[in-house]
Every structure is written in structure tokens, then in C-alpha cells.
Amino acid sequence: MGDVRWVVWRQDDNGNRFVVARFASRAEAEELAAEMESRGHKQLYWVAAAE
């Protein structure tokens with residue numbers, strides 16, 4: 001997969017945060033976050049640079 005530079009995060013309705021996936025490409029990470037967000041669950045998804 002190459003260098004991990006972007007992380008998709010999920011926050012549930014209790015405020016707990018979890019790593020969903022890691023990507024080398026920001027576009028791939030944003031695509032997954034948008035797909036998950038579109039499912040309408042009571043959770044938030046976002047992309048952040050890997051630390």
C-alpha cells in the first residue's frame with residue numbers, strides 16, 4: 001500500500017474515536033469517508049493526516 005499518509009477516523013454517538021482505515025492517497029481516504037458518511041449512521045467520519 002505504500003506510505004500511510006492519511007487516516008479515516010470514525011466517532012460514534014458516545015464520542016469514542018476509532019481508526020477505520022489508512023491510505024497513502026488522500027483521495028482514497030476521502031472517498032471511503034464520504035461513502036461511510038452517506039450511509040446515514042449516527043457516526044461521524046473524517047480524514048486526517050497520519051502522525
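A quick note: this is a predicted structure, and the numbers were derived from the prediction, not measured.
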Evaluation steps, side-chain contact (heavy atoms from CB on, under 4.5 Å), between Phe23 and Leu32: CA-CA 10 Å; Phe23 293 94; Leu32 177 62; 3.8 Å; yes
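A cation-pi arrangement, defined by a distance under 6.0 Å to the six-membered ring centre and an angle within 45 degrees of its axis, is present between Arg26 and Trp6.
Partners of Asp13 according to the side chain to side chain donor-acceptor pair (under 3.5 Å) rule, which considers only residues two or more places apart in sequence or in another chain, do not exist here.
Tracing side-chain contacts under 4.5 Å through hydrophobic residues (I, L, V, M, F, W, Y), one never reaches Trp9 starting from Val4; they form parts of separate clusters.
Within the structure, salt bridge (charged side-chain N to carboxylate O under 4.0 Å, His left out) contacts touching residues 37-51 (residues at least two apart or in different chains) are Glu35-Arg39.
Between the CG atom of Asn16 and the CG atom of Asn14 there is a distance of 5.5 Å, given to the nearest 0.5 Å. Rounding to the nearest 0.5 Å gives a distance of 5.5 Å between OH of Tyr45 and CZ of Arg10. Note: Phe18 CZ to Gln43 CD = 8.5 Å, rounded to the nearest 0.5 Å.
Shown are Glu31, Glu28, Glu30; of these, the side chain to side chain contact (heavy atoms under 4.5 Å, CB included) with Val47 is made only by Glu30.
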